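Keep in mind that this is a model prediction, so the values were computed, not measured. In each ligand, atom 1 is the first atom listed, and ligand 1 is the first ligand listed. Computed over heavy atoms, backbone and side chain alike; hydrogens, waters and symmetry mates excluded.
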Amino acid sequence: MPYAKIIGSGGYLPPRVVSNDELAADLATRQIETSDAWITERTGIRQRHIADPGVTSSQLAVKAAQQALEDAGISAEELDLIIVATSTPDFIFPSTACLVQAQLGNKGAAAFDVQAVCSGFVYALTTADSFIRAGRARHALVIGAEVFSSILDWNDRGTCVLFGDGAGAVVLSASEEPGILEAELNADGSLANILHVAGSVVDGQVTGDPFLRMDGQAVFKQAVTALAASAQSVCDKAGVSLEDIDWMVPHQANVRIINFLGRKLKLSDDKVIVTVDQHANTSAASVPLALDAARRDGRIRQGDLVLMQGVGGGFTWGSVLARM
Ligand code: ACO
């Protein structure tokens, strides 16, 4: 049975950078009080990239995908599977993956979206791994892409300061060499109300609430508990110990969650990739963006053992353990 090996990665962030100070000044014009000090201390976030009006997830995804394909040294025509993880698709349908496929110039690959919010990338990666291991695909493109700014209530300081836009991508290929060693996905739908966008379009009208709502403290508690258990479980299944992990690439929601998790798993800080300070929380894009940043700056290298973890709305969570 072949392994699915990550052979390339890419990332794209929209050019407009909004610092905490700029965001605080903008919110102040609407009598909403926040500050760089509050945001930095509670979240570790210093800035976020925000897409211009009209920019879509598929546009960000294509740019990240092109970089990942170039890095992998394969052409778009060679792909036989394209999965996009997103909670901010361009349309109800066609899927963002089909839009990306057309823009990349591929015809014929299976293409579909995965909706698991901030866990979307690890869900999509696990799905692609399963296709490759089963012999149903040879070259897969897995993308996390979000224009999360479009579902934020910019009058709610408790949420709008936390997120940003962007896309990250990896190319997976069937390989005899070890690649993804183990993966585990979980969900608990009974916790849907701690983080949700409970709106829809019915008969041409928005029904419900189209903006993200969150019980921040409940999310914090669930995230650290679920991710610590998931990390241990995926390592046990793969027959490796947490100490063997070279790099942890956690979902980038909040530096306090990341630090808490690192301490719980007894991983030293210098093994944990952190981009939340620069990107804020880009939901499904956060893990592939962080992975790509660390591959490009030379920290994550061929042969390293990498634990990727996602957690988010649903409530969903999951881990992927990969030999690079
Ligand atoms: N600026 C200034 N004050 C603020 C802001 C803000 N942006 N947001 C909230 N406050 C205020 C609140 O109104 C409250 O004021 P009060 O005491 O007068 O009522 C005070 O700060 C404390 O609010 P809490 O919500 O209790 O703050 P907390 O310490 O829990 O921090 C946070 C909030 C950062 C959201 C925290 O709960 C957290 O990190 N939760 C994890 C959630 C997360 O990271 N979500 C990301 C999406 S989910 C995911 O990706 C998994």
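In this structure, atom 20 (C) of ligand 1 is not in close contact with the protein, since no protein heavy atom lies within 4.0 Å of it. Distance check for atom 40 (N) of ligand 1: a protein heavy atom is found below 4.0 Å. Checking atom 44 (O) of ligand 1 against the protein gives a heavy-atom contact under 4.0 Å. Less than 4.0 angstrom separates atom 32 (C) of ligand 1 from none of the non-hydrogen atoms of the protein. Distances from atom 14 (C) of ligand 1 to the protein include no heavy-atom value under 4.0 Å.
Counted by atom type alone, Thr86 and Gln115 present zero donor-acceptor pairs between their side chains at under 3.5 Å. Side chains of Asp236 and Ser233: a donor-acceptor N/O pair is absent below 3.5 angstrom, by distance only. When only modelled atom types and interatomic distance are considered, Glu184 and Ser230 share no side-chain donor-acceptor pair under 3.5 Å. Side chain to side chain, Asn254 and Arg42 fail the donor-acceptor criterion of an N or O pair below 3.5 Å. Between the side chains of Gln101 and Asn106, at least one donor-acceptor pair of N or O atoms lies under 3.5 Å.
For ligand 1, the atoms lying closer than 4.0 Å to a non-hydrogen atom of His251 are 49 (C), 50 (O), 51 (C). Of all atoms in ligand 1, numbered sequentially from 1 with element shown, those under 4.0 Å from a heavy atom of Asn281 are 46 (C), 47 (C), 49 (C), 50 (O). If you number the atoms of ligand 1 from 1 as listed, the ones under 4.0 Å from a heavy atom of Cys118 come out as 49 (C), 50 (O). Interface atoms of ligand 1 facing Val161, defined by a heavy-atom separation under 4.0 Å, are 7 (N). Atoms of ligand 1 found under 4.0 Å from any heavy atom of Gly158 (numbered from 1 in listed order, with element): 8 (N).
With hydrogens left out, the protein atom closest to atom 12 (C) of ligand 1 is Arg157 NH2, 3.8 Å, a heavy atom. Of the protein's non-hydrogen atoms, Val311 O, 3.3 Å is the one closest to atom 51 (C) of ligand 1. When only non-hydrogen protein atoms are considered, atom 38 (C) of ligand 1 lies nearest to Asn254 ND2, 3.6 Å. Closest to atom 26 (O) of ligand 1 among all protein heavy atoms lies Gln217 NE2, 2.8 Å. When only non-hydrogen protein atoms are considered, atom 35 (C) of ligand 1 lies nearest to Met214 CE, 3.8 Å. For atom 37 (O) of ligand 1, the nearest non-hydrogen atom of the protein is Gly216 C, 3.3 Å.
The CD atom of Gln302 sits 11.0 Å away from atom CZ of Arg323, with the distance rounded to the nearest 0.5 Å. Considering CD1 of Ile32 and OG1 of Thr29, their distance stands at 8.0 Å, rounded to 0.5 Å.
Not a single N or O atom of Phe163, backbone or side chain, sits closer than 3.5 Å to an N or O atom of ligand 1.
Only side-chain heavy atoms of Leu195 come within less than 4.0 Å of ligand 1; its backbone N, CA, C and O stay farther off. Residue-level proximity to ligand 1 for Thr34 is carried by backbone and side chain together, each with a heavy atom below 4.0 angstrom.
With Thr34 contributing its side chain and Ala24 its backbone, the two residues share no donor-acceptor pair below 3.5 Å. A donor-acceptor distance shorter than 3.5 angstrom exists from the side chain of Asp90 to the backbone of Ser58, with no hydrogens or angles considered. Ser9 contributes no side-chain N or O that, together with a main-chain N or O of Asp292, makes up a donor-acceptor pair within less than 3.5 Å.
Counting non-hydrogen atoms of neighbouring residues, nucleotides and ligands closer than 6.0 angstrom, the CZ atom of Arg299 exceeds 12 such neighbours.
Looking at Glu146, Gln252, His251 one by one, the single match for side-chain hydrogen bond (donor to acceptor under 3.5 Å, both in side chains) with Ser283 turns out to be Glu146.
Both cation-pi conditions hold for Arg133 and Tyr3: the charged atom is under 6.0 angstrom from the six-membered ring centre and inside a 45 degree cone around its axis.
The residue among Gln222, Glu33, Arg42 with a heavy atom at the shortest distance from atom 29 (O) of ligand 1 is Arg42. The heavy atom nearest to atom 8 (N) of ligand 1, out of those in Phe148, Trp317, Trp38, is found in Trp38.
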